J.: 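This structure is in structure tokens; I'll ask about it shortly.
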Amino acid sequence: MKKKYIGILFILLISIAGLIYWMETVFSVSYSFVKVKTAGDISLQIFLPRGDYKIIEKENEAEERPIFGADSRQLEVIKAGDTVGDLIFEGILLPGSDDFYYFLKYSPRIDDETPLEFHVKVNAKSKEVTERHILYDYDQLKQEPVLTIPNSIWTEPAVIASGYGLPKQALFIDGEDFSMHLNMVNVYEPLENGVRKERFDLTQPIQYLADKQKQEFIISFPQVAGTEIEQWGIIGKEGMVNWGDEEQENILLVANLDRVRKWTQGGVQYVTPETYYPYDPRAFWVVPAQHVGNKLLLEGNNRFSTNFARLALQAALRTQTEGGYWISSPRSTWLYGDYGIDAGFYDTRFNTDAGLFLLHGYREFGEEAYLQGALRYGDFLIEYAGTHHHKTKNDGYLVYDYTHGGDMDRKTETLTSLNHLITEMNFLYELYKDTDEKRYLYTAEKMRQAVKDTASYWKKDDGDLWYAYLPDGSYGLQDYPLLTLKDLRYSQRMIQEIYGDKDMDFQYLIDVKESYLTARGLPLYD
């Protein structure tokens with residue numbers, strides 16, 4: 001009799017174990033990255049479902065510094081007991097909005113036909129969900145989209161149906177009580193010098209599933225050894241973008257975080273110019289200037305713009321070197337050929353734009369870290385300007401535009417472009433306004449004096465301004481239509497604000513440029 005009960009108990013235990021295993025397989029997840037509530041009481045979960053792949057955490061060995069305050073994890077992806085890839089996860093509730101931002105980066109070690117799938121699940125009340133994305137012109141001859149900002153438009157909101165794939169693009173998704181930005185799965189083939197080629201052919205569209213009060217998005221990462229795969233999103237309550245505001249919609253079109261520009265941990269990536277090495281028509285590199293973040297900070301008027309500006313500010317801090325500056329990772333074939341400046345160079349314009357962005361961020365949000373980042377660059381710029389310049393007759397500084405990023409002590413003479421020089425001056429004036437520190441004013445005045453000493457030489461025979469002062473003492477190269485003019489106007493405003501009067505030499509240069517544009521029927525403003 002005892003044997004009978006023991007046998008029944010054994011069978012019962014086996015059945016219970018099987019039931020538990022079945023329930024875990026069906027109802028649980030093998031790894032949950034986050035489960036959080038955003039503003040508006042929207043519940044969000046990001047997880048890897050139980051399946052072939054499992055994830056384990058390892059010690060934080062990331063080369064990239066995480067966003068301050070973010071949940072940052074270094075992970076290994078396991079299949080059949082072997083490590084098949086390396087994964088980075090970052091996630092944070094963004095201050096000011098309580099929208100949730102996440103970023104996933106995956107580096108497969110093997111080739112495998114089975115993709116790695118992540119699920120982003122939103123528990124909301126919305127019964128109808130729509131998506132918008134950017135629509136580009138189409139080249140009928142080449143049978144491909146024309147991936148440029150001019151003539152791109154937003155699609156009308158389209159209702160998305162459960163069980164179907166979405167466009168292989170960056171998506172803005174809206175329900176009656178939630179909204180989100182889901183960026184496309186970006187697959188890159190690393191080249192050299194921080195340049196990565198987009199592998200759009202390997203990208204799979206995001207899938208959508210819906211069931212009552214649950215919206216679920218399935219994100220697939222291909223298993224292709226040697227690639228780098230990234231996907232990110234921002235999720236929160238309804239109204240992240242104020243659709244219907246034409247000006248704000250246009251700002252997001254210009255920002256284009258889709259096929260023209262791409263966000264990564266260090267900032268916004270741009271397509272590499274043909275004069276950079278390595279080059280490919282679909283290769284990208286991180287531009288340190290943070291222009292998109294600055295545009296959305298100063299001109300954006302919606303939660304997405306504010307959220308992204310905060311992310312870009314953090315990216316500027318995380319990529320700033322200990323010396324206080326930023327480097328451009330590719331090789332400029334022009335700089336290398338003319339001056340011997342290799343990959344990883346220092347560009348005064350991109351750097352000063354990044355410094356101004358941090359200062360703007362400090363003024364907008366009051367974050368001390370942004371001010372300290374701007375001051376670190378300001379102190380570096382003072383030192384650089386004092387040792388890397390062509391001196392004018394009254395001891396003004398025509399500061400070199402570029403130098404070797406890995407060796408700031410080398411004083412290779414390069415050109416000094418007018419737009420670079422006065423932007424550096426403007427930045428130092430701005431720092432002086434915020435700190436009342438005379439050292440910033442002193443170096444700004446050295447730059448101003450250089451412009452005053454050379455003002456009459458900048459005018460070309462055709463009435464335009466020269467672009468740059470060259471190391472041999474001559475002036476040359478073609479100036480931008482409007483960029484230098486805008487910088488000169490900015491300089492004049494700063495000089496008036498600090499000293500109370502206009503600078504007549506700066507006004508002369510403004511008048512020269514405006515007369516040139518007017519004579520050719522060209523616009524004086526964007």
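Predicted model only: the values in this text are computed from it and were never measured.
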J.: Salt-bridged, R349 to D347, with N to O below 4.0 Å?
T.: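 Here R349 does not pair with D347 in a salt bridge, since their nearest N and O are not under 4.0 Å apart.
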J.: Enumerate the ring pair (Phe, Tyr, Trp, His ring centres under 6.0 Å) contacts for residues 298-326, please, sequence neighbours excluded, ordered by first and then second residue.
T.: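 For residues 298-326: F172-F304, H181-F304, W263-F308, Y325-F380, W326-Y377.
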J.: Mind checking the OG1-CG spacing from T443 to L428? Nearest 0.5 Å is all I need.
T.: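 Here the interatomic distance stands at 6.0 Å.
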J.: For residues 286-297, dump all side-chain donor-acceptor pairs below 3.5 Å to protein atoms at least two apart in sequence or in another chain.
T.:
unit_1: Q290; atom_1: NE2; unit_2: G266; atom_2: O; d: 3.4
unit_1: H291; atom_1: NE2; unit_2: D353; atom_2: OD2; d: 2.8
unit_1: N294; atom_1: OD1; unit_2: H360; atom_2: ND1; d: 2.9
unit_1: K295; atom_1: NZ; unit_2: E299; atom_2: OE1; d: 3.1
unit_1: K295; atom_1: NZ; unit_2: E299; atom_2: OE2; d: 3.4

J.: CG of N193 to OG of S329: how many Å apart, nearest 0.5 Å?
T.: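 Between atom CG of N193 and atom OG of S329 there are 6.5 Å.
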J.: Centre of F365's six-membered ring, under 6.0 Å away, within 45 degrees of the axis: is that where NZ or CZ of R310 sits?
T.: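 Because its charged atom sits under 6.0 Å from the ring centre and within 45° of the axis, R310 does stack over F365.
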J.: Atom OH in Y277, atom CD in E192: separation rounded to 0.5 Å?
T.: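 Going from OH on Y277 over to CD on E192, the span is 3.5 Å.
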J.: Between R439 and D379, does any NZ, NE, NH1 or NH2 come within less than 4.0 Å of an OD or OE carboxylate oxygen?
T.: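 A salt bridge is present here (some side-chain N lies under 4.0 Å from a carboxylate O).
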J.: How many angstroms lie between CE in M408 and OG1 in T403, if you round to the nearest 0.5 Å?
T.: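 Those atoms lie 6.5 Å apart.
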J.: Under 3.5 Å, which donor-acceptor pairs link side chains of residues 502-509 to any protein atom two or more places apart or in another chain?
T.:
unit_1: D503; atom_1: OD1; unit_2: K452; atom_2: NZ; d: 3.4
unit_1: D503; atom_1: OD1; unit_2: D505; atom_2: N; d: 2.8
unit_1: D503; atom_1: OD1; unit_2: F506; atom_2: N; d: 3.2
unit_1: D503; atom_1: OD2; unit_2: R448; atom_2: NE; d: 2.8
unit_1: D503; atom_1: OD2; unit_2: R448; atom_2: NH2; d: 2.9
unit_1: D503; atom_1: OD2; unit_2: K452; atom_2: NZ; d: 3.3
unit_1: D505; atom_1: OD2; unit_2: K452; atom_2: NZ; d: 2.7
unit_1: Q507; atom_1: OE1; unit_2: Q492; atom_2: NE2; d: 3.1
unit_1: Q507; atom_1: NE2; unit_2: D511; atom_2: OD1; d: 3.0

J.: Which of these passes ring-ring contact (aromatic ring centres under 6.0 Å, His included) with W285: Y276, Y279, Y270?
T.: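 Passing option: Y276.
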J.: Please identify each residue that fulfils salt bridge (Lys or Arg N to Asp or Glu O under 4.0 Å) with K433, with sequence neighbours left out.
T.: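 For K433, the residues satisfying salt bridge (Lys or Arg N to Asp or Glu O under 4.0 Å) (neighbours in sequence not counted) are E430, E497.
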J.: Answer yes if the ring centres of H390 and Y469 are under 6.0 angstrom apart, and no otherwise.
T.: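 So the answer is yes for these two rings.
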J.: What verdict does the salt bridge (Lys or Arg N to Asp or Glu O under 4.0 Å) test give for K262 and E198, after you've listed the backbone C-alpha separation in whole Å, the side-chain angles of each residue and the deciding distance to 0.1 Å?
T.: CA-CA 10 Å; K262 294 178 180 292; E198 178 193 50; 3.0 Å; yes
J.: When the ring centroid of Y102 is compared with that of W232, is the distance short of 6.0 Å?
T.: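 Not close enough - the centres of the two rings lie 6.0 Å or further apart.
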J.: Applying side-chain hydrogen bond (donor to acceptor under 3.5 Å, both in side chains), run through D479 and T484 and close with a yes or a no.
T.: CA-CA 7 Å; D479 192 33; T484 307; 2.7 Å; yes
J.: Under 3.5 Å, which donor-acceptor pairs do the side chains of residues 369-376 form with other protein atoms, sequence neighbours left out?
T.:
unit_1: Q372; atom_1: NE2; unit_2: E368; atom_2: OE2; d: 2.7
unit_1: R376; atom_1: NE; unit_2: Q320; atom_2: OE1; d: 3.3
unit_1: R376; atom_1: NH2; unit_2: Q320; atom_2: OE1; d: 3.0

J.: Can any side-chain N or O of Q265 pair as donor or acceptor with the backbone N or O of A315 at less than 3.5 Å?
T.: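 Not confirmed, Q265 side chain does not pair with A315 backbone.
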J.: Decide salt bridge (Lys or Arg N to Asp or Glu O under 4.0 Å) for R199 and D201; before the verdict, give the C-alpha distance in whole Å, the side-chain angles of both, and the deciding distance to 0.1 Å.
T.: CA-CA 5 Å; R199 290 296 306 275; D201 57 307; 2.8 Å; yes
J.: Using ring centroids (six-membered ring only for Trp), state whether H420 and Y402 fall under 6.0 Å.
T.: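 Yes, they do, as the ring centres are separated by less than 6.0 Å.
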J.: Looking at Y525, I'd like to know if the NZ or CZ of R489 sits under 6.0 Å from its six-membered ring centre while staying within 45 degrees of the ring's axis.
T.: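 Ring-cation test returns yes.
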J.: Salt bridge between E189 and R196, side-chain N to carboxylate O under 4.0 Å?
T.: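 Looking at E189 and R196, the cut-off is not met.
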J.: Could you check whether any side-chain N or O of T518 sits under 3.5 Å from a backbone N or O of E514, counting only pairs where one atom can act as donor and the other as acceptor?
T.: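 Checking the backbone N and O of E514 against the side chain of T518, a donor-acceptor pair under 3.5 Å is found.
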J.: Roughly how far, to the nearest 0.5 Å, is CD1 of I327 from OG1 of T319?
T.: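 One gets 9.5 Å once the value is rounded to the nearest 0.5 Å.
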J.: Nearest 0.5 Å please: distance from the CG atom of N419 over to the OH atom of Y490.
T.: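 If I round to the nearest 0.5 Å, the distance is 14.0 Å.
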J.: Please report whether the ring centroid of Y475 lies less than 6.0 Å from that of W458.
T.: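 Ring centroids of W458 and Y475 are less than 6.0 Å from each other.
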J.: Are N301 and Q248 close enough, and set up right, to give a side-chain hydrogen bond (donor to acceptor under 3.5 Å, both in side chains), and what steps lead you there?
T.: CA-CA 7 Å; N301 186 25; Q248 293 300 304; 5.5 Å; no
J.: Is a side-chain donor or acceptor of D98 paired with a backbone partner of T38 at a separation under 3.5 angstrom?
T.: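 Absent.
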J.: Under 3.5 Å, is there a donor-acceptor pair between the Y362 and D434 side chains?
T.: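 No, because no side-chain N or O of Y362 sits under 3.5 Å from a partner of the opposite role on D434.
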J.: For N426 and T423, run side-chain hydrogen bond (donor to acceptor under 3.5 Å, both in side chains): C-alpha distance rounded to whole Å, both residues' side-chain angles, the deciding distance at 0.1 Å, then the answer.
T.: CA-CA 5 Å; N426 296 340; T423 297; 4.9 Å; no
J.: Looking at D526 and K486, is there a salt bridge between them, counting it only when a charged N and a carboxylate O are closer than 4.0 Å?
T.: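 A salt bridge links K486 with D526.
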J.: Salt bridge or not between K460 and D462? Use side-chain N to carboxylate O under 4.0 Å.
T.: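 Yes.
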J.: So, R331 and D342, do they make that salt bridge, N to O below 4.0 Å?
T.: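 Yes, charged N to carboxylate O under 4.0 Å.
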J.: Quick one: list whatever passes side chain to side chain contact (heavy atoms under 4.5 Å, CB included) with E246, sequence neighbours left out.
T.: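 In terms of side chain to side chain contact (heavy atoms under 4.5 Å, CB included), with neighbours along the sequence ignored, E246 is linked to no residue.
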